[in-house]
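Everything below concerns the one structure shown next.
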Amino acid sequence: MTRRSLTNGLARAAVRFKPAAFAGTFVALMMAAFIVSACGILLESGVRASAPPQRYADVPVVAAADQHARLTDGGGGDGDDGSELLPDAARLDAALVSEIAAAPGVATAIPDVSYPLRTSTGAVTAHGWGSTAFTGNKLAQGAAPRTAHQVVLDQATARAQRATVGDHVTLTAADGAHRFEVSGIAEPAARAALRAPTAWFTDQRAVALSGHPGKIDAVAVLAAPGTATGDLADQVRRAVEGKAKVHTGDGRGGVEEPGVAEAKELLTGLGGSFGGVATMVAVFTAAGTVALCVGQRSREFALLRAIGATPRQLRRSIATEALLIAPIAGAVGCLPGIALAHWWFDQLQDKGAIPEAVRLHVSWIPLVSAVGAGVLAAVLAGLLAARRPARTKPGQALSEAAVERFRLGVIRTVLGVGALVGGIVLARVAAGESGDDAANLALGVVMLFMLSVSLLGPIIARLCAWLIGLPLRAGGAPAGLAAANTRANSRRLASAITPIVLAMAFSSTLVFLHTSEDHARDDQRRAGIVADHIVTDPDGLPADTAARAARTPGVRTAVGLLRAGVLVPTGSGETRMLTSAAAQGVSGTGDALRTVQDLDVRAGDQSAIGRPDTVAVDALLADSADAEVGDRLQIVLPDGSTAKPKIVAVYGRGLGVAQLTLPRAALAPHVTAAFDTDVFVQRTPGGDPDRVAAALAPLGTVTDRDGYAEAQDKDREINVWANTTMAAVLGGFAAVAAANTLVMTVLDRRRELSTLRLIGSTRRQVLGMIRWEALLVGVAGVAIGTAIALITLNPMTRGITGTSPYIPPGLYAAFAGAALLIGLLSSTLPARLALRRTSMVGAGEKQ
């Protein structure tokens, strides 16, 4: 028999006849594949995200503006070059239509615009009549619009408006209400996806009514007979000369559905950023479980060394065991991983973060990667754990296997101390930063501390055993025995503590970051909104709503607010980046704004807010951008245009109100639909609240400041939900890992427990010892995990909110209680199972 066949036979025999010894390893590797495969599927789906075109299905080539902004010119534009997706849609110069139309192979170049309008029965989407050349809409009655005062409605909208050809309808744009004559009624398009309520105008009137004169959303290019799509696209690229991006295939769907680009960023962020952390944690935890399994079989390896097995044979046998178990465990784990990815993706679609047209991609790449990562981790962990038993001389093997070795290896100690020192240094640096810089540095802090806990686990466990064991030694026999046991078996204790630390640290960081942010936002919002009434509407308010509200009897001041997102360069040097910021455009003066909003101005002149070419900035954002009163702040507006307004004030309630305050006129031309989000109203002194509210009711929904809850934007809702879900996934994985490790350690102590029964310990005393040990493990894990979370959260929350972390006592108690409960159940249940056997069987079964 060859050496290879001998070691392979030993490995197969070990797995076949002692499956219980490998059950914990199987569970750990399966859970690792579960996490890694789910994140990998989301990442691949983000990379491949696309949507089949609907409006542009019959258009071979579409030209549209680049929808990404970047700090410096040049490079790509697909979001993979450090660029940032714009908050709104960038537009093209309408003059490009004639340039594209003159290109060889072009039959027709059609300008296309799309934006919402309001009617008395709901919202409609406006287009130019020229777009019907590629959408397939045809007239059922009447004629196409020929003047700026004519409109064609779809049949459903005409019925809702009770309008026929020749009647007049009122359509409300962002600049107010307009009357149009119905020149025709269009029949529904052949494709169901194009049957939304629609109004068509002349192409010129559609552009003018959009609020963006001289700008269009895209150019639909139809090919001349005999011109291939590829050739047409090349000709259009030459014609636009970098002024626009040219799209074919599914890229056309991304032009008409901007949510595709957002979905790509969201999915790649979840699958990449969170997936990277989760993969590292999962693989590291699985490797630790494999090492624990190998360590628990030290007596078996000592016997093999004593009868002549060589170090190479032991290492090969352990590696073969890993290769036998890891692929099967990985394949089994991929099945729930696919289910988790489907659930996660469906939830994001239900919440509107991912368009319905985008599909989840499940291929062999993430599945093979997940299995391969588990196999590699298992083999490497097994080989590293086998170094000591393989190097031990045959004569010393049995004696060393009987006593746990405390001393750590030099490499492990150096790496652990380095990670600890690095975490402390990075925490101090993060504490001195602000804004996004502090938040980004804090993520590295938690990873370094977790790495140090894993590497220095036995030392930390022994310290915890000594410290927490002090009150236990003063207790009864079970408590004293538990304290002595944990001190003597610090490696076993470290294996149990580490997953609990992991669960507490990561879950607390992710969840309490949002509780802190929400708490600060609510406090700032309550203090910042001092208006007596707020007028809102789900479809937005026309720009003249504030003026109409100001003319209402009993109203002293009315200020319209247009909310939008902008991009601001923050950081410095290589860390300089574009950061998203919430902005509000105000329709009144700074003095008028003061009566409805208390911004907590800390520097500058609030009276200057709202003047042309000015901006007021939240203090945290100003600090991140290294700007102060009097400076010019570079801003990327929602459509990609840039501006450098002068900072006239710095205020402290940006999180609850808005991070930037600009004149409404500075924002309105750069958003798709310049409807006001809210109108804040201040009553005249002594005015009757009910009478004023009733008078304002025709303008929209009216509420007072106590009942007003500013709707969270979609990005905020998705981020909160995603981080909570990530905390649940990672915390659940860590909880399973902790339970798995504790079960493994308790079952490995069957001989010890039976010996205790033989020397006179009662069943109650043995179980009491196990419970005290589990309590010690749980308290140590919760304490260390909490400390890591607090060190991480402090710079993060101070950078984002300017305040200390807010940790709801009930929620923290639930986290800590869950960790302790997992420890108790995972220890006492297998201990009860082990004690069911007789003392003699238990004592002799491992001899």
Side-chain angles (χ1 to χ4, degrees), residues 24 27-28 30-32 34-35 38 274 277-278 281-282 284-286 288-289 336 340 343-344 446 449-450 453-454 457 460-461 464 468 482 486 493-516 518 720-746 767 770-793 805-832:
V27 171
M30 181 186 70
M31 291 297 297
F34 166 64
I35 296 289
F274 171 68
V277 174
V281 169
F284 199 82
T285 302
T289 306
L340 174 62
W343 175 83
W344 210 332
V446 68
F449 277 125
M450 283 306 308
V453 169
S454 300
I460 296 174
C464 291
I468 303 176
T486 50
L493 181 65
S495 300
I497 288 177
T498 301
I500 296 178
V501 173
L502 177 71
M504 282 297 298
F506 275 105
S507 298
S508 298
T509 300
L510 290 171
V511 172
F512 295 142
L513 173 63
H514 284 297
T515 60
S516 302
D518 289 342
V720 171
W721 180 86
N723 271 16
T724 304
T725 304
M726 287 189 289
V729 170
L730 203 55
F733 168 78
V736 172
N740 183 46
T741 302
L742 288 168
V743 170
M744 288 176 64
T745 55
V746 172
L767 289 175
I770 294 294
R771 280 193 290 268
W772 281 114
E773 288 181 4
L775 186 62
L776 190 151
V777 167
V779 170
V782 168
I784 298 172
T786 301
I788 293 174
L790 287 175
I791 294 172
T792 306
L793 280 169
Y806 172 71
I807 301 176
L811 188 56
Y812 176 78
F815 278 17
L820 294 176
L821 183 62
I822 288 171
L824 287 171
L825 293 178
S826 302
S827 297
T828 55
L829 292 180
R832 288 179 179 274

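None of the values given here were measured: they were computed from a predicted structure.
- A heavy-atom distance below 4.5 Å is not found between the side chains of Ile500 and Ile822.
- Residues forming a side-chain hydrogen bond (donor to acceptor under 3.5 Å, both in side chains) with Tyr812 (at least two apart in sequence, or on another chain): Thr786.
- With sequence neighbours excluded, the residues that form a side chain to side chain contact (heavy atoms under 4.5 Å, CB included) with Leu824 are Arg771, Ala774.
- Closest non-hydrogen pair, Val782 versus Ala819, comes out as CG2-CB, 3.6 Å.
- Atom CD1 of Ile788 sits about 10.5 Å away from atom OG of Ser508, to the nearest 0.5 Å.
- For the atom pair OG1 of Thr725 and CH2 of Trp344, the computed distance is 6.5 Å after rounding to the nearest 0.5 Å.
- Expressed to the nearest 0.5 Å, how far CG of Leu820 lies from CG of Leu775 amounts to 6.5 Å.
- Closest of all the heavy-atom pairs between Leu340 and Ala38 is CD2-CB, 3.6 Å.
- Between Ile807 and Leu790, some side-chain heavy-atom pair lies under the 4.5 Å cut-off.
- The side chain to side chain contact (heavy atoms under 4.5 Å, CB included) search around Pro808 returns Phe512, Thr515, Tyr806, Leu811, not counting sequence neighbours.
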